[in-house]
Amino acid sequence: MGQKVYRVIQWATGFVGKAALRHFVSNPDFELVGVYVTNPDKVGMDAGEIIGSAPTGVLATDHVEQILATPADCVFYSPSRADVEALCLILRSGKNVVTSAGFFYPIDFNRADFEKLEAACRDGGTSIHGGGIHPGYVADVLPLTLARIVSRLDRIEVFEIVDLIKSGEEGLKWLAPMGFGLDAESFEKHGNLLSHTVPHFTQSMAIIVEGLGKTIQKVTTELDLGFATQDIPYPGGVVAKDAIAGQHHIWTAWVENAPLVSFHAIYTVGDRHIEPMPHGGTAHYRVIIHGDPPTELTLDTIPDKNGVWTNPGYTWTAMDGISMIPQVCAANPGIVTEFDVVTRPLPGLVRTTASR
Ligand SMILES: NC(=O)c1ccc[n+]([C@@H]2O[C@H](COP(=O)([O-])OP(=O)(O)OC[C@H]3O[C@@H](n4cnc5c(N)ncnc54)[C@H](OP(=O)(O)O)[C@@H]3O)[C@@H](O)[C@H]2O)c1
């Protein structure tokens with residue numbers, strides 16, 4: 001019997017959606033059967049054109065009804081903002097969902113939404129799973145995996161370290177929304193964009209803490225700012241001397257009156273001329289377990305054979321969820337969390353010998 005081919009629909013074609021599309025059109029274990037877009041300029045475009053590859057014969061639509069009527073095993077749902085009602089429609093139409101747009105794990109913040117999704121799963125005989133790189137894989141799967149080889153665990157720290165210039169277009173788009181280039185007073189008025197993301201990261205913290213058999217008591221947040229010691233140019237602009245050029249966000253889950261899990265999100269405009277320079281090393285991600293033995297895991301990419309470094313974040317985000325599609329399609333109807341799946345490579349990952 002041949003390998004099952006999963007019929008998939010891509011919902012939204014932003015950075016993550018395009019990374020997902022690239023995988024779906026290149027892995028023969030998937031058959032792309034639909035693409036949903038919101039951008040009118042993309043309606044009617046071939047999926048291949050959207051990602052700059054060969055035509056696929058699948059044209060993008062902005063008709064939700066057309067997508068709902070398209071038979072498929074799974075929808076990879078990656079819009080900029082999740083819509084629970086839309087997700088319920090997809091699940092009730094008999095299609096499983098894997099999403100990068102939240103819904104990693106039920107906590108107080110999202111419990112009402114999870115109840116709606118659970119009911120839609122029951123009605124449609126379907127399942128939903130949320131995944132990503134951070135929150136997601138680096139912030140829950142990796143720490144729990146690492147915890148498997150220590151003898152005592154006192155505290156976990158996870159670092160995400162992003163140089164927004166090195167990250168290219170995907171990084172630079174965050175400079176203005178995050179308030180880089182402002183002075184401290186203007187930043188106060190502008191607001192801390194990442195404060196809205198804390199509930200998403202709390203879901204990954206809950207996976208770690210509950211995986212360790214404990215319960216989160218509270219989550220606290222801190223922010224340390226770094227300032228440019230001279231003008232820092234970047235493609236399309238400049239962060240002026242004395243303006244904000246570094247942000248170090250620290251979110252901590254407390255258990256039994258002590259900090260147990262801290263996530264450090266460190267963003268910089270370049271990697272020098274910032275005081276105080278947010279620390280954390282240079283790897284893209286670090287997972288540290290303080291305990292016995294003290295243990296650290298780093299995750300980074302390397303330049304390709306032509307010496308070109310590409311930002312891995314969106315592919316990592318898409319693939320954490322996509323890797324779970326076979327298991328989500330096989331699961332009993334309902335919410336599928338990290339505790340219901342196992343880390344198992346996706347069929348079709350090894351495709352050619354030409355690129356090795
Ligand atoms: N956990 C993680 O590690 C992680 C990392 C990165 C992103 N994410 C999440 O993954 C999702 C996609 O991220 P992204 O970077 O690809 O986002 P993005 O590039 O900003 O946008 C995604 C797409 O959403 C669609 N869209 C635009 N406005 C919309 C609206 N008002 N309502 C619904 N959809 C709209 C557009 O699709 P079309 O262009 O096709 O019309 C857009 O290209 C987000 O929810 C993000 O939070 C998670």
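Each ligand, and each atom within it, is numbered from 1 in the order the structure gives. Since we're looking at a predicted model, the values are computed, not measured.
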Open item on the list: For Gly179 versus Phe187, what's the shortest heavy-atom pair and its separation?
Closed with: O-CD1, 3.9 Å
Using the six-membered ring wherever Trp is involved, compare the ring planes of [X] and [Y] and label them parallel, tilted or perpendicular (cut-offs 30° and 60°).
X      : Y      : answer
Phe339 : Tyr105 : perpendicular
Trp11  : Tyr36  : tilted
Phe76  : Phe24  : perpendicular
Phe159 : His248 : tilted

Could you identify the single nearest non-hydrogen protein atom to [atom] and state the distance to 0.1 Å?
atom                    : answer
atom 15 (O) of ligand 1 : Tyr314 CE2, 3.3 Å
atom 1 (N) of ligand 1  : Pro135 O, 2.8 Å
atom 24 (O) of ligand 1 : Ser80 N, 2.9 Å
atom 19 (O) of ligand 1 : Phe15 N, 3.1 Å
atom 12 (C) of ligand 1 : Ser78 O, 3.3 Å
atom 36 (C) of ligand 1 : Thr38 OG1, 3.5 Å

Which segment of [X] sits under 4.0 Å of ligand 1 when only heavy atoms are counted:
X      : answer
Thr317 : side chain
Lys173 : side chain
Lys42  : side chain

Could you tell me whether ligand 1 has any atom less than 4.0 Å away from a heavy atom of [X]?
X      : answer
Glu170 : no
Gly136 : no
Trp316 : no

Element-labelled atoms of ligand 1 that are located less than 4.0 Å from some non-hydrogen atom of [X]:
X      : answer
Val37  : 40 (O), 41 (O)
Gly132 : 1 (N), 2 (C), 3 (O)
Asn39  : 39 (O), 41 (O)

TODO: Determine whether Lys18 and Ile50 make a side-chain contact, defined as any pair of heavy atoms from C-beta on separated by less than 4.5 Å.
DONE: yes
Open item on the list: If you define the side chain from C-beta out and look only at heavy atoms, does anything of Arg7 sit under 4.5 Å from Asp73?
Closed with: yes
Task: Evaluation steps, side chain to side chain donor-acceptor pair (under 3.5 Å), between Thr56 and Asp46 - done: CA-CA 6 Å; Thr56 61; Asp46 188 283; 3.0 Å; yes
- [ ] Identify which of Thr197, Asp83, Val16 has a heavy atom lying nearest to atom 14 (P) of ligand 1.
- [x] Val16
Task: Proximity winner for atom 44 (C) of ligand 1, if only heavy atoms of Gly131, Pro79, Ala19, Ser100 are counted - done: Pro79
Open item on the list: Going by side-chain contact (heavy atoms from CB on, under 4.5 Å), Leu260 matches just one of Ile156, Leu212, Ile208, Asp154. Which one?
Closed with: Leu212
Task: Residue pairs, two or more places apart or on separate chains, that pass salt bridge (Lys or Arg N to Asp or Glu O under 4.0 Å) and touch residues 136-146 - done: none
Task: Polar contact flag for Ala101 and ligand 1 (N/O pairs, less than 3.5 Å) - done: no
Open item on the list: Does ligand 1 come near enough to Phe104 that some N or O of the ligand is less than 3.5 Å from an N or O of the residue?
Closed with: no
Task: Distance-only donor-acceptor check, side chains Arg155 and Ser262, under 3.5 Å - done: yes
Open item on the list: Tyr314: which residues meet the ring-ring contact (aromatic ring centres under 6.0 Å, His included) condition with it, sequence neighbours left out?
Closed with: Phe15
